[in-house]
Peer 1: 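Here's a structure for you.
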2 protein chains.
Amino acid sequence: MGKKVKPESCGLGPAFEVIAGKWKGLLLWLLHLQPRRFGELKRLVPDVSEKMLIQHLREMEADGLIRREVFHEMPPRVEYSATELGISLDNALEPLANWGKKHGAEIAARRSEA
Amino acid sequence: MGKKVKPESCGLGPAFEVIAGKWKGLLLWLLHLQPRRFGELKRLVPDVSEKMLIQHLREMEADGLIRREVFHEMPPRVEYSATELGISLDNALEPLANWGKKHGAEIAARRSEA
DNA sequence: TAGGATACCCACCTTTAGGTAAGAATTGGG
DNA sequence: CCCAATTCTTACCTAAAGGTGGGTATCCTA
């Protein structure tokens, strides 16, 4: 019994570190579909506050998941897009998203029973 | 341009609702390997507090991811194991875990540069 | 009868994630 | 000269997540 197991060998740690945050998964998904500017993201995710929107975008940029491109126009324009690394993460998230689509109703039902 | 997009169609929402929590991913991974009793889990994840350990286990049980079996022995014994649903979620998490194993070092490096 | 092992339960506290609302920089147009 | 549009920025606050340290119940064994 009781084989020895290293928790780190699970591998979820680093992935969660990078994608944890209320809106990051959704933002990455949106940006992997197509580049978007700040205002677009704000409209597409109407419940996010501006503060969290930039904060999450900045962190994802720092982690190399997305890139930020500034166009020196007036009015100003900033476009965010997914990097290769970001796309690879989004791909790794797809099975999870499918699981959510498949079992979301079941979960919600079980929770409302409570 | 600017196709209309429904954020819900991403599908990550329900999945994150169920797996969010500092230790849930790791716990599910451990329990999909083999059933474990409370004390074993506590030893395998030494940084988790007892409070969070049961709290997470209880929530995962309520969500149908794991099952809890009580053996009326002395000293008492409670065994937790993954359900079908839990196993399916763990499978959906595997690509994410692989992503973490592959890019964890890269992420950590980028973060320590800061 | 005291102590040990196991699996909890609880009250309290700290930390952190996230929200609100206001304001600032840019620069072209009226 | 003032205003508008866009992308932030900042100070402050709330709520939720998680940690700490103690206590409880059970029954077996010494």
Peer 1: Atom CG of A/Leu31 and atom NZ of A/Lys24: how far apart are they, to the nearest 0.5 Å?
Peer 2: 13.0 Å

Peer 1: Looking at B/Trp23, I'd like to know whether one of its side-chain N or O atoms comes within less than 4.0 Å of OP1 or OP2 on D/dA17.
Peer 2: no

Peer 1: Under 4.0 Å from any atom of DNA chain D, heavy atoms only: list the residues of residues 67-75 of chain A that qualify, in numerical order.
Peer 2: A/Arg68, A/Pro75

Peer 1: Answer yes or no on whether A/Arg36 is positioned over the face of A/Tyr80, meaning its NZ or CZ is under 6.0 Å from the six-membered ring centre and within 45° of the axis.
Peer 2: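 Cation-pi check for A/Arg36 and A/Tyr80: fails.
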
Peer 1: Rounded to the nearest Å, what distance is computed from the CD1 atom of residue A/Ile19 to the P atom of nucleotide C/dA17?
Peer 2: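 Roughly 15 Å, once rounded to whole Å.
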
Peer 1: Counting just side-chain N and O atoms, does A/Arg37 come under 4.0 Å of either OP1 or OP2 of D/dT6?
Peer 2: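 Answer no for this pair, as no side-chain N or O of A/Arg37 is under 4.0 Å from OP1 or OP2.
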
Peer 1: Under 4.0 Å between a side-chain N/O of A/Tyr80 and OP1 or OP2 of D/dT7, yes or no?
Peer 2: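 Result: no.
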
Peer 1: To the nearest 0.5 Å, what is the distance between CE on A/Met74 and NE2 on A/His72?
Peer 2: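 So the CE of A/Met74 and the NE2 of A/His72 are separated by 10.0 Å.
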
Peer 1: CH2 of B/Trp23 to CE of B/Met52: how many Å apart, nearest 0.5 Å?
Peer 2: 9.5 Å

Peer 1: Would you find more than 12 non-hydrogen atoms of other residues, nucleotides or ligands less than 6.0 Å from B/Glu73 atom CD?
Peer 2: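 Yes, CD of B/Glu73 has more than 12 neighbouring heavy atoms, counting only those of other groups under 6.0 Å.
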
Peer 1: If I take atom NZ in residue B/Lys22 and atom C1' in nucleotide C/dT14, what distance separates them, rounded to the nearest angstrom?
Peer 2: 12 Å

Peer 1: D/dC28 C1' sits how many Å from B/Arg77 CZ, rounded?
Peer 2: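 The distance from CZ of B/Arg77 to C1' of D/dC28 comes to 16 Å, rounded to the nearest Å.
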
Peer 1: How many Å lie between CD on B/Glu79 and P on C/dA7, as a whole number?
Peer 2: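 Those two atoms, CD and P, are 10 Å apart.
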
Peer 1: Would you sort out whether A/Arg77 and A/Glu79 count as a salt bridge (charged side-chain N to carboxylate O under 4.0 Å, His left out), showing the intermediate values?
Peer 2: CA-CA 7 Å; A/Arg77 176 171 162 217; A/Glu79 219 173 66; 3.2 Å; yes

Peer 1: Of A/Pro76 and A/Ala20, whose closest DNA chain C nucleotide lies nearer the 5' terminus?
Peer 2: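 The 5'-side residue here is A/Ala20.
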
Peer 1: How long is the line joining CZ of A/Phe16 and C1' of D/dA17, in whole Å?
Peer 2: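 So the two atoms are 16 Å apart, to the nearest Å.
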
Peer 1: Please give, in whole Å, the distance from D/dG18 C1' to B/Leu27 CG?
Peer 2: 14 Å

Peer 1: In this structure, how many angstroms lie between the P atom of C/dA5 and the CZ atom of B/Phe38, rounded?
Peer 2: 16 Å

Peer 1: For the atom pair CD (A/Glu69) and CZ (A/Arg67), what is the distance rounded to the nearest 0.5 Å?
Peer 2: 8.0 Å

Peer 1: Nearest-Å distance, CZ (B/Arg43) to C1' (C/dA7)?
Peer 2: 12 Å

Peer 1: According to side chain to side chain donor-acceptor pair (under 3.5 Å), who are the partners of B/Glu106, at least two apart in sequence or on a separate chain?
Peer 2: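 In terms of side chain to side chain donor-acceptor pair (under 3.5 Å), with neighbours along the sequence ignored, B/Glu106 is linked to B/His103, B/Arg110.
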
Peer 1: Could you tell me the separation between the CG atom of A/Leu65 and the CE atom of A/Met60, rounded to the nearest 0.5 Å?
Peer 2: 5.5 Å

Peer 1: With a 3.5 Å cut-off and heavy atoms only, can you find an N or O donor on one side and an acceptor on the other between the side chain of B/Lys51 and the base of D/dG19?
Peer 2: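 Between D/dG19 and B/Lys51, which were checked side chain against base, a qualifying N/O pair under 3.5 Å is present.
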
Peer 1: Of the residues in residues 52-66 of chain A, which ones touch DNA chain D at a heavy-atom distance under 4.0 Å?
Peer 2: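 Those residues whose heavy atoms fall under 4.0 Å from DNA chain D, taken from residues 52-66 of chain A in numerical order, are A/Ile54, A/Arg58.
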
